[in-house]
S.K.: 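Starting off with a structure, shown below.
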Amino acid sequence: QVRLVESGGGLVQPGGSLRLSCAASGFTFSNYAMSWYRQTPGKERELVAAITSVGSSTNYANSVKGRFTISRDNAKNTVYLQMNSLKPEDTAVYYCNAQRVDALGLWTYDYWGQGTQVTVSS
């Protein structure tokens with residue numbers, strides 16, 4: 001069965017760092033683009049960072065550019081989000097996403113984890 005399990009969230013002070021991990025199983029991890037999203041109450045879930053299936057390209061929200069780094073280890077079926085210089089506005093539930101589109105663009109596989117809480121506060 002497809003599983004995405006986030007870990008590494010917690011409480012951190014402003015300016016601190018945290019590394020999130022997402023462990024994947026039940027599908028061919030190396031065939032999927034991976035992303036991190038975050039969501040706070042009353043807001044839409046927003047894309048934070050994305051990485052292609054082999055890690056050749058990354059994309060970041062403007063609000064986290066220069067502070068966050070997404071990476072993946074296909075041998076471990078794991079994607080990471082290194083978060084540095086954290087700000088209170090980074091507080092959110094962070095979700096891991098896996099996505100693959102078939103060759104004809106007729107079917108999209110899209111999986112989500114349950115999320116991990118990140119709280120940035122003094």
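Computed from a prediction, not measured in an experiment: that's the story for all the values here. Throughout, numbering of the chain's residues begins at 1 and tracks the sequence.
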S.K.: How about N84 and F68: do any of their side-chain heavy atoms sit closer than 4.5 Å?
M.R.: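 N84 does not reach F68 side chain to side chain.
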S.K.: Is there a path from I70 to M83 through hydrophobic residues (I, L, V, M, F, W, Y) whose side chains come within less than 4.5 Å of each other?
M.R.: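 Same hydrophobic cluster.
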S.K.: What's the shortest heavy-atom distance between G8 and L18, and which atoms?
M.R.: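 Answer, listing the atom of G8 first, then L18: O-CG, 3.4 Å.
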S.K.: What class does the angle between the rings of Y32 and Y111 fall in, given that below 30° is parallel, 30 to 60° is tilted and above 60° is perpendicular?
M.R.: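 Because their plane-to-plane angle lies in the 30° to 60° range, the rings of Y32 and Y111 count as tilted.
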S.K.: Look at the rings of Y95 and W112 and say which category their plane angle falls in: under 30° parallel, 30 to 60° tilted, over 60° perpendicular.
M.R.: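 Answer is perpendicular, since the angle exceeds 60°.
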S.K.: Considering only residues two or more places apart or on different chains, which pairs with a residue in residues 16-41 satisfy salt bridge (Lys or Arg N to Asp or Glu O under 4.0 Å)?
M.R.: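 Every salt bridge (Lys or Arg N to Asp or Glu O under 4.0 Å) pair that includes a residue of residues 16-41, provided the two are not neighbours, is R38-E46, R38-D90.
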S.K.: Do you know which two heavy atoms are closest between L4 and A24, and how far apart they sit?
M.R.: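 Reported closest heavy-atom pair: CD2-CB, 3.5 Å.
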S.K.: To the closest 0.5 Å, what do you measure between SG (C22) and CZ (F29)?
M.R.: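 Rounded to the nearest 0.5 Å, the SG-CZ separation comes out at 7.0 Å.
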S.K.: Measuring from Q82:CD to S71:OG, what's the distance to the nearest 0.5 Å?
M.R.: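 With rounding to 0.5 Å, CD (Q82) is 8.0 Å from OG (S71).
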S.K.: Of all heavy-atom pairs between S17 and S85, which one has the smallest distance, and what is that distance?
M.R.: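 Where S17 meets S85 most closely, the heavy atoms are OG-N, 4.3 Å.
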S.K.: Please report the interatomic distance CG(N97) to OH(Y37), rounded to the nearest 0.5 Å.
M.R.: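 Rounded to the nearest 0.5 Å, the CG-OH separation comes out at 5.0 Å.
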S.K.: Sub-3.5 Å donor-acceptor pair from the side chain of T52 to the main-chain atoms of S57, do we have one?
M.R.: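 At least one qualifying donor-acceptor pair exists.
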S.K.: Stepwise, does the side-chain contact (heavy atoms from CB on, under 4.5 Å) test hold for N59 with L47?
M.R.: CA-CA 9 Å; N59 186 48; L47 176 67; 4.2 Å; yes
S.K.: Would you say V93 and V64 are hydrophobically clustered, going by side-chain heavy atoms of ILVMFWY under 4.5 Å?
M.R.: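 Result: no, two separate clusters.
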S.K.: Start with the C-alpha gap between T69 and Y60, add the side-chain angles, then the distance that decides, and say whether side-chain contact (heavy atoms from CB on, under 4.5 Å) holds.
M.R.: CA-CA 8 Å; T69 303; Y60 298 92; 3.8 Å; yes
S.K.: Should P88 and S121 count as side-chain neighbours, where that means a heavy-atom distance under 4.5 Å?
M.R.: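 P88 does not reach S121 side chain to side chain.
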S.K.: Quick one: do F27 and Y109 end up in the same hydrophobic cluster if we chain Ile, Leu, Val, Met, Phe, Trp and Tyr together by side-chain heavy atoms under 4.5 Å apart?
M.R.: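 Linked within one cluster.
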S.K.: To the nearest 0.5 Å, what is the distance between OG1 (T78) and CG (L20)?
M.R.: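 Answer rounded to 0.5 Å: 12.5 Å.
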S.K.: Tell me if a side-chain donor or acceptor on Q13 pairs with a main-chain N or O of S122 at a distance below 3.5 Å.
M.R.: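 Not at all, since once roles are kept as given, no pair shorter than 3.5 Å links the two residues.
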S.K.: Are V12 and T119 close enough, and set up right, to give a side-chain contact (heavy atoms from CB on, under 4.5 Å), and what steps lead you there?
M.R.: CA-CA 6 Å; V12 64; T119 302; over 6 Å; no
S.K.: Mind listing the closest non-hydrogen atom pair of L81 and A49 along with its distance?
M.R.: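 In this case the closest contact between L81 and A49 is CD1-CB, 4.1 Å.
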S.K.: Does the side chain of L11 come within less than 4.5 Å of V120's, by heavy atoms?
M.R.: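 Side-chain contact under 4.5 Å: no.
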S.K.: Could you tell me the separation between the CG atom of N74 and the NZ atom of K76, rounded to the nearest 0.5 Å?
M.R.: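 Separation between the atoms: 12.0 Å.
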S.K.: List the steps and the verdict of side-chain contact (heavy atoms from CB on, under 4.5 Å) for W36 and V79.
M.R.: CA-CA 9 Å; W36 288 95; V79 63; 4.0 Å; yes
S.K.: Please say whether more than 12 non-hydrogen atoms of neighbouring residues, nucleotides or ligands are located less than 6.0 Å from CD in E89.
M.R.: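 Result for CD/E89: enclosed.
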S.K.: Can you tell me how far the CZ atom of R72 sits from the OG atom of S30, to the nearest 0.5 Å?
M.R.: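 Those atoms lie 7.5 Å apart.
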S.K.: Tell me whether D110 contacts the main-chain N or O of Q99 through its side chain, where contact means a donor paired with an acceptor under 3.5 Å.
M.R.: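 No; judged by distance alone, with no hydrogens or angles, the pair does not exist.
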S.K.: For residues M34 and C96, report the shortest heavy-atom separation together with the two atoms involved.
M.R.: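 In this case the closest contact between M34 and C96 is CE-SG, 3.5 Å.
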S.K.: For T91 and Q117, work out which heavy atoms get closest and say how close.
M.R.: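 Shortest heavy-atom separation between T91 and Q117 comes out as CG2-NE2, 4.0 Å.
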